[in-house]
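Only a predicted model underlies this, so the values are computations on that prediction, with no experimental measurement involved.
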Amino acid sequence: QMQLVESGGGLVQAGGSLRLSCAASGRTFSSYAMGWFRQGPGKEREFVAAITLSGGTTVYADSVKGRFTISRDNAKNTVYLQMNSLKPDDTAAYYCAAASAFITIVRTRAADYWGQGTQVTVSS
C-alpha cells in the first residue's frame, strides 16, 4: 500500500501563487510516476500534470502550461505542484496520484494510489 497526503491548499486572489505538496509513504517513492489531478465544483476530475520516476520528464494539461510546475524530491518522498498566475477556473480540489507506469497517468489519466485532496480556491 502507498499513502499520499496533500497539503498547501488555500484561498488566494487571482494572479496569486500556491505550492502544493504531496508526501508519500508505504512504498518506494522513486519507483512511481507521480501526478496531480483536480476536480472543480460540478466538474469531472481532470488531469493537471505528471512527472516521471526520476523527474526527467513532465507533462501538463493545456490549461496550466506555463503557469504550473510539477517537481519531485525523491529523498523526501514528496512531489510538488507550484501554481502561479492562478485563475478562478483553477478553483478545485487537487489530488496527488501515484502510478507504477508513467503511461498510466499520461495516457489513461488513471493512477494506482490517490491522496485525499487539498482545496484550492481562487477569488476574482
Side-chain angles (χ1 to χ4, degrees):
Q1 297 293 325
M2 187 176 193
Q3 184 179 19
L4 303 173
V5 180
E6 304 96 332
S7 62
L11 174 64
V12 298
Q13 290 186 316
S17 299
L18 283 175
R19 189 178 76 157
L20 306 183
S21 298
C22 174
S25 62
R27 304 292 289 178
T28 303
F29 179 73
S30 60
S31 297
Y32 289 85
M34 302 297 296
W36 288 94
F37 293 76
R38 67 186 183 185
Q39 186 170 18
K43 300 180 180 179
E44 297 181 349
R45 180 175 293 183
E46 64 177 346
F47 168 78
V48 176
I51 188 168
T52 52
L53 277 62
S54 63
T57 302
T58 56
V59 176
Y60 297 92
D62 289 342
S63 60
V64 305
K65 286 182 179 178
R67 300 189 299 119
F68 290 12
T69 302
I70 187 172
S71 62
R72 66 190 297 163
D73 186 339
N74 288 350
K76 296 182 178 180
N77 290 350
T78 302
V79 63
Y80 305 94
L81 185 68
Q82 178 67 46
M83 305 184 294
N84 299 325
S85 301
L86 284 163
K87 305 174 181 179
D89 285 347
D90 295 320
T91 295
Y94 283 72
Y95 298 89
C96 178
S100 59
F102 186 61
I103 192 173
T104 300
I105 298 176
V106 303
R107 295 292 187 183
T108 68
R109 306 305 168 91
D112 301 320
Y113 301 97
W114 296 87
Q116 84 291 344
T118 185
Q119 180 67 37
V120 173
T121 301
V122 184
S123 62
S124 60

**Student:** Hey, does Thr118 have a side-chain heavy atom less than 4.5 Å from the side chain of Ser7?
**Tutor:** no

**Student:** Quick one: pull up OG1 in Thr78 and CE in Met34 and give me the separation to the nearest 0.5 Å.
**Tutor:** 9.0 Å

**Student:** Between Ala49 and Leu81, which heavy-atom pair has the shortest distance, and what is it?
**Tutor:** CB-CD1, 4.3 Å

**Student:** With distance as the sole test, does Thr91 use its side chain to make a donor-acceptor pair with the main-chain N or O of Val122 at under 3.5 Å?
**Tutor:** yes

**Student:** Which atoms form the tightest heavy-atom contact between Leu18 and Gln82, and what is the distance?
**Tutor:** O-NE2, 3.6 Å

**Student:** Could you tell me the separation between the SG atom of Cys96 and the OH atom of Tyr80, rounded to the nearest 0.5 Å?
**Tutor:** 11.5 Å

**Student:** Using a 4.5 Å cut-off on heavy atoms from C-beta on, say whether the side chain of Glu6 contacts that of Trp36.
**Tutor:** yes

**Student:** Answer yes or no: is there a side-chain heavy-atom contact under 4.5 Å between Tyr113 and Tyr32?
**Tutor:** yes

**Student:** Does Val64 share a hydrophobic cluster with Val120, counting links as ILVMFWY side-chain heavy atoms below 4.5 Å and allowing steps through other members?
**Tutor:** yes

**Student:** Taking the side chain as C-beta and beyond, is there a heavy-atom pair between Leu20 and Arg38 under 4.5 Å?
**Tutor:** no

**Student:** What pair of heavy atoms forms the shortest contact from Cys22 to Leu4, and how long is it?
**Tutor:** SG-CB, 3.9 Å

**Student:** Which heavy atom of Gln39 sits nearest to which heavy atom of Glu44, and what is that distance?
**Tutor:** CG-C, 4.0 Å

**Student:** Between Ser17 and Asn84, what is the shortest heavy-atom contact and its length?
**Tutor:** OG-OD1, 2.9 Å

**Student:** Using 4.0 Å as the upper bound for N to carboxylate O, is an ion pair formed by Asp90 and Lys87?
**Tutor:** no

**Student:** Over all heavy atoms of both residues, which pair between Ala111 and Ala98 is shortest? Give the atoms and the distance, please.
**Tutor:** CB-O, 3.5 Å

**Student:** Taking C-beta and beyond as the side chain, do Ile105 and Phe37 meet within less than 4.5 Å on heavy atoms?
**Tutor:** yes

**Student:** Are any side-chain N or O atoms of Asp112 and backbone N or O atoms of Ser100, one a donor and one an acceptor, separated by less than 3.5 Å?
**Tutor:** yes

**Student:** Look up atom CZ in Arg27 and atom CD in Gln1, then write down how far apart they are to the nearest 0.5 Å.
**Tutor:** 8.5 Å

**Student:** Indicate yes or no for a side-chain donor-acceptor contact from Arg67 to the backbone of Ser85 under 3.5 Å, with no hydrogens or angles considered.
**Tutor:** yes

**Student:** Within 45° of the six-membered ring axis of Tyr95 and under 6.0 Å from that ring's centre, is NZ or CZ of Arg45 located there?
**Tutor:** yes

**Student:** Report the C-alpha distance between Lys76 and Phe29 in whole Å, list the side-chain angles of each, state the deciding distance to 0.1 Å, and finish with yes or no for side chain to side chain contact (heavy atoms under 4.5 Å, CB included).
**Tutor:** CA-CA 9 Å; Lys76 296 182 178 180; Phe29 179 73; over 6 Å; no

**Student:** Is there a donor-acceptor pair under 3.5 Å between the side chain of Tyr60 and the backbone N or O of Ile70?
**Tutor:** yes

**Student:** Taking the side chain as every heavy atom from C-beta outward, state whether Leu86 and Gln13 have any pair of such atoms under 4.5 Å apart.
**Tutor:** no

**Student:** Short question: side chain of Thr57, backbone of Thr52 - any donor-acceptor pair under 3.5 Å?
**Tutor:** no

